[in-house]
Amino acid sequence: ETGVTQTPRHLVMGMTNKKSLKCEQHLGHNAMYWYKQSAKKPLELMFVYNFKEQTENNSVPSRFSPECPNSSHLFLHLHTLQPEDSALYLCASSQSGRGSYNEQFFGPGTRLTVL
Amino acid sequence: GDSVTQMEGPVTLSEEAFLTINCTYTATGYPSLFWYVQYPGEGLQLLLKATKADDKGSNKGFEATYRKETTSFHLEKGSVQVSDSAVYFCALSDEGGATNKLIFGTGTLLAVQP
């Protein structure tokens, strides 16, 4: 595997389900991100992890719970979601720190549908 | 705060036409600038970047020049192909990458017709 991978690529869940999205980066980066992309809305940054520590949480509802066990893996745990949470969830990674320019590499995304 | 403004789409062109997608930014200091492309059903891919004023980023026939005097980073291509149909995002990163954040524009849909 190369680059940034995400599983599953598609997920359909009911509002009472619990599911998890997985992201893995094979680039040796030290920062990882979750973004939400909804139709006709700008890309929304949800969470940032730097060296496994969460450094950004953009007022994301608690029904989204991130987990970063190491610099290569990032999870997004989902529970009691709402239909408006249906979107494409994108994971990205970068090499952070001064001089790195923060060039982010994205995975293909998980298309989530909440019924 | 920092922001990116790009032209509203969709932009519809015929094959071999000239493409310009405008992008302007507001930032303190000297940000790095990026263009990302998203093909249907896929994530974002870095298309090109420029890290200082007057730099020109280029890739796959696309070009953009970092213009500090006009705070712009317009994307151009001399002859588009149907395969260029995608959504294009302009983005900036703070100077030196200190905060790990990219600020994205809203995206511009490009549709190229044969």
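A, B, ... follow the sequence lines: proteins, then strands. Residue 1 opens every chain.
A distance of 11.0 Å separates NZ in B:K101 from CD in A:Q104, rounded to the nearest 0.5 Å.
Counting only heavy atoms from C-beta outward, the side chains of B:T106 and A:L43 never approach each other to under 4.5 Å.
Heavy atoms closer than 4.5 Å to chain A are found in the side chain of B:L46, but not in its backbone. No part of A:Q6 comes within reach of chain B, as not one of its non-hydrogen atoms sits under 4.5 angstrom from that chain. Only the side chain of B:Q38 comes within contact range of chain A, with at least one heavy atom under 4.5 Å from a heavy atom of that chain. Contact of A:R111 with chain B is not made at all, since no heavy-atom distance falls under 4.5 Å.
Both A:V60 and A:Y89 are assigned to one and the same hydrophobic cluster, defined by single-linkage of ILVMFWY side chains at heavy-atom distances under 4.5 Å. No continuous path of hydrophobic side-chain contacts links A:L27 to B:L44 [ILVMFWY only; heavy atoms under 4.5 Å]. Cluster annotation: A:L74 and A:V4 are assigned to distinct hydrophobic clusters (Ile/Leu/Val/Met/Phe/Trp/Tyr, side-chain heavy-atom contacts under 4.5 Å, transitive). Taking hydrophobic clusters as Ile, Leu, Val, Met, Phe, Trp and Tyr residues chained together by side-chain heavy-atom distances below 4.5 Å, B:L75 shares a cluster with B:V37. In the hydrophobic cluster analysis, where Ile, Leu, Val, Met, Phe, Trp and Tyr join through side-chain heavy atoms closer than 4.5 angstrom, A:F75 is grouped apart from A:V114.
Between chain B and the residues A:G107, A:A92, A:P108, A:C91, the largest count of heavy-atom pairs under 4.5 Å involves A:P108.
For residues 77-87 of chain B, heavy-atom neighbours of chain A at less than 4.5 Å comprise no residues at all. Scanning residues 13-26 of chain B against chain A with a 4.5 Å heavy-atom cutoff picks out nothing at all.
Without hydrogens or angle criteria, B:Y36 side chain to A:F106 main chain gives no donor-acceptor distance under 3.5 Å.
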